[in-house]
Amino acid sequence: MTEPAFTPASAFLGRLVERGYLNQGTDLTALDARLVEVEKGQRAPLIAYIGFDCTAESLHVGSLIQIMLLRHWQQCGQKPIVLMGGGTTRIGDPSFRDDSRPLLDDATIERNMAGIRRVFERFLTFGDGPTDAIMVNNADWLDELAYIPFLRDYGRHFTINRMLSFDSVRLRLEREQPLTFLEFNYMILQAYDFVELARRHGCSVQMGGSDQWGNIVNGVELGRRTQGLELFGVTSPLLTTASGAKMGKTAQGAVWLNPESLSPYDYWQYWRNTEDADVGRFLRLFTDLPEDEIGRLESLPGAEINQAKKLLADHATTLCHGAEAAAEARHTAETTFEQGGSGEALPTVPVPRAELGAGIPAYALMVTAGLAGSNKEARRLIAGGGGRLNGALIEDANRPITIEDLDAAGQIKLSAGKKRHALVIPA
RNA sequence: GGAGGGGUGGCCGAGCGGUCAAAGGCAACAGACUGUAAAUCUGUCGGGUUUUCCCUACGUAGGUUCGAAUCCUACCCCCUCCA
């Protein structure tokens, strides 16, 4: 557990504490000492892993803190392993959930894994070097597990009594939600993953979100009991916004890290709209900016805090999508919001020139532009004063929009409210 | 296997023969206020070209009624207690 006055000597743990990544860890003092030895060149880099589910074809902002943990780990001269849960995803982590996850088929898992791999390549350096990241898939060993030998070798180290006492299981049972035996095995397999990674790759540290604490501790103990290994666990805090909402949800859904799932412009916007109270915290967690700079930014008064939000958006987007995409997103945002214009990175919707020539009712165009889910919703939006055409309020939902409405740049800017815009271009 | 309770809109949760597209809350969207923030207030919140009209919807399939989310039958699923 975390010692209250723990002051780490190692670069890595020092950074975690300073930047707010540390929730708790097993024997942090010993881990700190090992890390220092590496820094002094007295031992080879330590190897840490974090496991990721393959439940979607991209990771989202909720996993970003974990990705950043691996990134800092690598920057501090240690070696990261990204563990893809190709095997465990077929079971579904029951931690703190009331319902079972839907079981995914192998093809879907495979596809998801490919999408997730690309995200990591932006945050970590992969390769064969001593501190290069590697990616492994736990299906490689879980798929071929033999049931009886596995039970005999590992099952005997788990008591049901203890497993039932873990919050992740206990809370579910207390709420009288069913927990299947399949899901119940998840924690055993995750513990086994840790031991297997130690054996195969010499991995000695597992990190993860605080909801993984129970699973991580199980792995540490299993390693000690079965092979006398000294393993460590480190968790990061569960993140919520200052107003208490879970991170990573927006109107359009999850904030994906993959440009196909969420455009860099929308990603930039997500960070730009951070609540005032979160700016400092997020700068520390999701950018590489130095502490003194962050201190200055987070104390900007009143509306000036918006400068800090832009920098947050710039740096977070650069990490995830590259500097070019970030610059374009910022440019688009500034022309759209500060000059009332429209930048290139706004979503564009091609509409056949002939249809525009004939005129399309405003409500219908809102729908094709993706700004409303149905004609009715579009009408409501316009009736409520939320529809704009090239910046001007749309009074009548039936008002035809034609080529006459093309602006100087040859496009039509449609807006739903102040933040959602789309460009209609004749095709 | 026996007894009882329950399955309602994105979620929670009322309704228990017409006045029900279904109270209330949350979430969401828009408006006002602002700073592309938070909080607050207002409006909207199944679909249909603007609708005193139509369609779809209250686990599934039938039925009784002029009329059902509400009653009946069968089936599926969940929960509780007993065995």
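Proteins get letters first, then strands, A, B, ... in listed order; numbering begins at 1 in each.
On the P atoms, B:rG7 is 9 Å away from B:rA14, given to the nearest whole Å. Rounded to whole Å, the separation between the C1' atoms of B:rA22 and B:rU8 comes to 9 Å. Separation of the C1' atoms belonging to B:rC20 and B:rA27 is 23 Å when rounded to the nearest angstrom. Nucleotides B:rU44 and B:rC26 place their C1' atoms 16 Å apart, quoted to the nearest Å. Nucleotides B:rA74 and B:rG5 place their P atoms 16 Å apart, quoted to the nearest Å.
Residues A:Asp193 and A:Gln190 have side chains that never bring a donor and an acceptor to within less than 3.5 angstrom of each other. A donor atom on one side chain and an acceptor atom on the other are found under 3.5 Å apart for A:Asp266 and A:Ser263.
Between the P atom of B:rU34 and the NZ atom of A:Lys419 lies a distance of 16 Å, rounded to the nearest Å. Distance, A:Glu304 CD to B:rU36 P: 14 Å, rounded to whole Å. At whole-Å resolution of the value, CZ in A:Arg380 and P in B:rU44 are 10 Å apart. The distance from atom CG of A:Asp396 to atom C1' of B:rU49 is 11 Å, rounded to the nearest whole Å.
Along RNA chain B, the nucleotide closest to A:Arg379 and the one closest to A:Ala333 are compared, and the more 5′ of them pairs with A:Ala333.
In this entry B:rC75 has B:rG59 as its Watson-Crick or G-U wobble partner, both defining distances falling under 3.5 Å.
Judged by the 6.0 Å and 45° rule, A:Arg71 forms no cation-pi pair with A:Phe123.
Contact annotation: side chain of A:Lys418 to base of B:rU34, donor-acceptor pair present below 3.5 Å. Contact of A:Asn306 with B:rG35 (side chain to base): a donor-acceptor pair of N or O atoms is detected under 3.5 Å. At a cut-off of 3.5 angstrom, the base of B:rG35 holds at least one donor-acceptor pair with the side chain of A:Asp276.
In this structure, A:Phe120 has its ring center no closer than 6.0 Å to that of A:Phe126.
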